[in-house]
Amino acid sequence: MSPAATISTDDARRAVLRTADDLFYARGIGGVVMNDIRDASGVSMRRLYAMYPSKHELVAAWLTDRHDRWMSWFTTTVERHAAAGTDPVLATFDAIAEWVASPGYRGCAFINSLAETSEVDDTHRTIIAAHKRDLVEHLARLAARGRPNPPTWLPAALAVVIDGAIVQSTVFDSTDPIDAARSAVRQLLESIPT
């Protein structure tokens, strides 16, 4: 019996999702087949298909897992910057700048996935939209800190600026768009009455 056959279902699922994250993020959904997931995860094809009967279901599980892990990383990193005295809204740009500068950065997995129109369907688009809504809701909570009545449009506008900065940072392979976005948002925040 192979060592992979003896691991628990939870460990196998984690191995598959970790592998899916690595491969889908690096190569795109269309650039990965189930055999790639099997080979890199060490989970047999039979077990892989028992957990995820189709690539479609694996992609949905990966997007959901990616959302949970990315939001956990993002909120923790923003809080670390805010604890050091940075305005929580501006701390979002400091967190994103860390991410952009990290090895293997390839932009937003959700935006990248959405661009793969032949690989994603309504189920995937629903997960992607939920991720972006959660980000807007988190930004609303950050904007309300120290601002008793922030404009209702502010969280959605911040999300647009963040997504734009992420895309441009990917295109130009630079943190300059993050710096520009942070400066623009700082000026915007200064114009909002407290």
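Only this structure's heavy atoms are used, side chains among them; waters, hydrogens and symmetry mates stay out.
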> Using the salt bridge (Lys or Arg N to Asp or Glu O under 4.0 Å) criterion, which residues pair with E116? Sequence neighbours excluded.
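Per chain and number, E116 pairs via salt bridge (Lys or Arg N to Asp or Glu O under 4.0 Å) with no residue.
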> Please name the residue in the list H124, K55, H56 that meets the side-chain contact (heavy atoms from CB on, under 4.5 Å) test with E119.
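The option that passes is K55.
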> Check whether any side-chain heavy atom of F24 sits under 4.5 Å from a side-chain heavy atom of N112, and report yes or no.
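A side-chain contact under 4.5 Å is absent here.
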> Under a 4.0 Å N-O cut-off, is there an ion pair linking D65 with R69?
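Judged by the 4.0 Å cut-off on N to carboxylate O distance, D65 and R69 do form a salt bridge.
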> Regarding H81 and E98, is there a side-chain donor-to-acceptor distance under 3.5 Å anywhere?
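Judged by distance alone, the side chains do pair up.
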> Are V59 and M45 in one and the same hydrophobic cluster, where Ile, Leu, Val, Met, Phe, Trp and Tyr link if side-chain heavy atoms are under 4.5 Å apart?
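Shared cluster, yes.
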> Any non-hydrogen side-chain atom of T92 less than 4.5 Å from a side-chain atom of F74?
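With C-beta onward as the side chain, the pair touches.
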> Between D163 and K132, is there a side-chain heavy-atom distance shorter than 4.5 Å?
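They are in contact (side-chain heavy atoms under 4.5 Å apart), so the answer is yes.
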> Where is the tightest heavy-atom contact between V136 and P155, given as atom of each residue plus distance?
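The pair with the smallest heavy-atom distance is O-CB, 3.6 Å.
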> Starting from the C-alpha separation in whole Å, work towards a yes-or-no answer on side-chain contact (heavy atoms from CB on, under 4.5 Å) for V100 and D173.
CA-CA 8 Å; V100 168; D173 191 24; over 6 Å; no
> Verify the cluster assignment for L48 and W62: are they in a single hydrophobic cluster under the rule of side-chain heavy atoms below 4.5 Å apart?
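Yes, same cluster.
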> Which residues satisfy the side chain to side chain donor-acceptor pair (under 3.5 Å) test with E190, sequence neighbours excluded?
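For E190, the residues satisfying side chain to side chain donor-acceptor pair (under 3.5 Å) (neighbours in sequence not counted) are R186.
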> Is a side-chain donor-acceptor pair under 3.5 Å present for H131 with D134?
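No.
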> Picking from R106, R27, R66, what satisfies salt bridge (charged side-chain N to carboxylate O under 4.0 Å, His left out) with D21?
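Running salt bridge (charged side-chain N to carboxylate O under 4.0 Å, His left out) over R106, R27, R66 with D21 returns exactly one hit, R66.
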> Under the side-chain contact (heavy atoms from CB on, under 4.5 Å) rule, collect the residues that match up with V185, sequence neighbours excluded.
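Once residues adjacent in sequence are excluded, the partners of V185 under the side-chain contact (heavy atoms from CB on, under 4.5 Å) criterion are V89, L90, F93, L158, V161, L189.
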> Taking only residues two or more places apart in sequence, or in another chain, which ones meet R133 in a salt bridge (Lys or Arg N to Asp or Glu O under 4.0 Å)?
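Checked R133 against salt bridge (Lys or Arg N to Asp or Glu O under 4.0 Å); zero matches.
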> Decide, yes or no, whether a salt bridge links D179 with R182 under the criterion of side-chain N to carboxylate O below 4.0 Å.
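No, no charged N to carboxylate O under 4.0 Å.
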> Mind checking side-chain contact (heavy atoms from CB on, under 4.5 Å) for R141 and listing every partner two or more places apart, or none if nothing turns up?
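Applying side-chain contact (heavy atoms from CB on, under 4.5 Å) to R141 gives E137, H138.
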> So, D11 and R14, do they make that salt bridge, N to O below 4.0 Å?
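Result for this pair is yes, salt bridge flagged.
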> Do R125 and V120 have side chains that get closer than 4.5 Å, going by heavy atoms?
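The answer is yes, as the side chains (C-beta and beyond) meet within the 4.5 Å cut-off.
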> Looking at residues at least two apart in the chain, or sitting in another chain, which of them share a side-chain contact (heavy atoms from CB on, under 4.5 Å) with L188?
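For L188 the side-chain contact (heavy atoms from CB on, under 4.5 Å) partners, ignoring immediate neighbours, are W153, L154, S191.
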